[in-house]
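Values in this document were obtained by computation on a predicted structure and should not be read as measured data. Throughout, a chain's letter reflects where its sequence line sits, starting with A, and its residues are numbered from 1.
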Protein chains: 2
Amino acid sequence: MALPRAARTQRRTRIQEAKEEQILEAALEVFSLHGFRGATVDQIAEVAGMSKPNLLYYFRTKETMHRALITRVLDTWLDPLREFDAQGNPVSEIRSYIRRKLEMARDFPRESRLFANEILQGAPNIEDELKGPLKSLVDEKAEVIRSWAKAGKIAKCDPYHLIFSIWSTTQHYADFDVQVRAVLGQDQAGEGRFEDAARFLEQLFLGGLHVSEQPG
Amino acid sequence: MALPRAARTQRRTRIQEAKEEQILEAALEVFSLHGFRGATVDQIAEVAGMSKPNLLYYFRTKETMHRALITRVLDTWLDPLREFDAQGNPVSEIRSYIRRKLEMARDFPRESRLFANEILQGAPNIEDELKGPLKSLVDEKAEVIRSWAKAGKIAKCDPYHLIFSIWSTTQHYADFDVQVRAVLGQDQAGEGRFEDAARFLEQLFLGGLHVSEQPG
DNA sequence: TGATAATTTGACCGGTTGGTAAACATTACA
DNA sequence: TGTAATGTTTACCAACCGGTCAAATTATCA
């Protein structure tokens, strides 16, 4: 009998790595579309092209699989914020942060929806990671923004709500894609909508934070 | 034997009205927390304080119940946008629209999450309503915004993406509440966060759309 | 090659879920 | 009051779901 995955030696065979990758890819597809409880193991197994017991050989439970996926996605999801540079030019840093987030919404909508699903349902599995690593990173970058405001480089504003608003506006194009398409209609909903969004958001944020708006 | 609800005469008894209300209230509670597939009929029945067969006497299937709920929520959810007044002052109209949406996120988070859940999972039940009534209303208001921009009363901008950004930033405080609380921490996450958000969003949108930002 | 470990599968299981059947209780109203 | 329509409950079912098991198959390597 084979040992369960967690009890193996560190060395992972190519097969293990390939299959686990295959499973997580399928799990992303299914979880992001139906949420945790809406997704079934059979469904994931089918998308992954293997039998259910075979899948459960690599991830012993549905929850293990989900947790592995969430952890990985949360990590890459924060990359754009990590690149946020205290030494850079404030305006161009904010602009490129918006652009990177929007690109992720366009190129990785499933990851965005997986995350949104999780948060929406109370984040039962990742509350610790939100209060830990996520909060720390945001605290750090909020301090950077605050210092920019203090130095008069951008308008004074609440840095946390600024970050929230960048998150929400950009992820909206992934999470609420169906609605966006429905409202824009067939003619306007071509891929140009991401460029239009980028233009608009740049205008909104750079206008709203322009130093000339700051009294005193 | 009782007739199923759909086949009854138009006159609804007080009992019917009360029970259906009771059920939809419970359904809102459960669906908004767990999504469609994550919610169980037993759970809804328990919250509604009745037996499962009794509940199914009023709504023959889980889906019927869900659809009734979604339809009603979508309707009230659009009220703030309906109040958007073409004759009013552009700046104060936009400001009060943001405020109303933010108040709804604060006072009716369950409705917001129910809707978000539905859209997130591809809006299988309400695509028609998105492409119909919703799109029509947005088209109408977008035209108003466009006319304001043309008259030089606000900066030129894409009215659709403006509306999207107001939706996303305000609903974020309902849909992503867990994340917002986690990031702000226990000390800052008191109810003051909605006032802080209102102040920030006002600054953002009114600054970003200020007519002085418009070249030419 | 042969033996051992890793991988894959079909059959199955107990619990849950959406929904039904039919008896029973209550209300509306002639 | 009587009775027919409406409302409620208990018992139940078939399908589905997450997960197990033991047997079969394949890879690894001395």
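For C:dT8, neither phosphate oxygen OP1 nor OP2 lies less than 4.0 angstrom from any side-chain nitrogen or oxygen of A:Ser51. Dashed line: the shortest gap from a side-chain N or O of B:Tyr57 to OP1 or OP2 of D:dG7 is under 4.0 Å. Using a 4.0 Å cut-off, no side-chain N or O of A:Asn54 falls inside it from OP1 or OP2 of C:dT7. Contact check, A:Lys19 against C:dA6: no side-chain N or O comes under 4.0 Å of OP1 or OP2.
Relative to the axis of its first five pairs, the axis of the last five pairs of the helix from C:dT1-D:dA30 to C:dA30-D:dT1 sits at 10°, rounded to 10 degrees.
Inter-residue side-chain proximity for A:Ser165 and A:Phe205 is flagged as met; some heavy-atom pair is nearer than 4.5 Å. Looking only at side-chain heavy atoms (C-beta outward), B:Ile154 and B:Ile145 come within less than 4.5 Å of each other.
Using a 4.0 Å heavy-atom distance criterion, A:Ala45 is classed as making no nucleic acid contact. Across all strands shown, A:Thr40 has heavy atoms under 4.0 Å from sugar-phosphate atoms exclusively, and none from any base.
In this structure, the CD atom of B:Glu17 is 16 Å from the C1' atom of D:dT6, given to the nearest Å. Atom CE in A:Met65 sits about 14 Å away from atom P in D:dC17, given to the nearest Å. Protein atom CE of B:Met50 is 17 Å distant from nucleotide atom C1' of D:dT10, rounded to whole Å. Between the C1' atom of C:dT16 and the NE2 atom of B:His34 lies a distance of 15 Å, rounded to the nearest Å. Rounded to whole Å, atom P of C:dT17 lies 8 Å from atom CD of B:Gln43. Between the CG atom of A:Leu55 and the P atom of D:dC17 there is a distance of 15 Å, given to the nearest Å. If you take CZ of B:Phe59 and C1' of C:dG18, they are 16 Å apart, rounded to a whole angstrom. Between A:Tyr58 atom OH and D:dG19 atom P the separation is 18 Å, expressed in whole Å.
Between B:Lys101 and B:Asp79 no salt bridge is recorded (no basic side-chain N to carboxylate O distance below 4.0 Å). Classification of B:Glu25 and B:Arg110 as a salt-bridged pair holds, one side-chain N sitting under 4.0 Å from a carboxylate O.
Set against C:dT7, D:dG18, D:dT6, the side chain of B:Gln16 has D:dT6 as its closest nucleotide. Of the candidate nucleotides C:dT17, C:dT8, D:dG7, C:dT17 has the atom lying nearest to any side-chain atom of A:Arg37.
Using bins of under 30°, 30° to 60° and over 60° for the plane-to-plane angle, the ring pair B:His66/B:Phe31 lands in the perpendicular bin. Using a 30° and 60° split on the angle between ring planes, B:Phe176 and B:His172 fall in the parallel class, below 30°.
Nucleotides of DNA chain C nearest to B:Ala39 and A:Gly49 differ in position, and the one nearer the 5' end is that of A:Gly49.
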_Using the rule given for side-chain contact (heavy atoms from CB on, under 4.5 Å), can you reason through B:Arg181 versus B:Gln186, listing the C-alpha separation, both sets of side-chain angles and the distance that settles it, and then say yes or no?_
CA-CA 7 Å; B:Arg181 285 170 183 266; B:Gln186 287 176 333; over 6 Å; no
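Results of the side chain to side chain contact (heavy atoms under 4.5 Å, CB included) test with B:Asp85 over B:Gln87, B:Glu83, B:Arg82 single out B:Gln87 as the only residue that passes. With A:Ser112 as the fixed residue, the side chain to side chain donor-acceptor pair (under 3.5 Å) test singles out one of A:Thr170, A:Asp107, A:Asp175, A:Asp177: A:Asp175. The residue from A:Asp75, A:Thr71, A:Leu134 that alone fulfils the side chain to side chain contact (heavy atoms under 4.5 Å, CB included) condition with A:Glu129 is A:Thr71.
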Please write out each protein N/O paired with an N/O of nucleotides 19-23 of chain C under 3.5 Å, distance rounded to 0.1 Å.
unit_1, atom_1, unit_2, atom_2, d
C:dG19, OP2, B:Lys62, N, 2.8
C:dG19, N7, B:Lys52, NZ, 3.4
C:dG19, O6, B:Lys52, NZ, 3.1

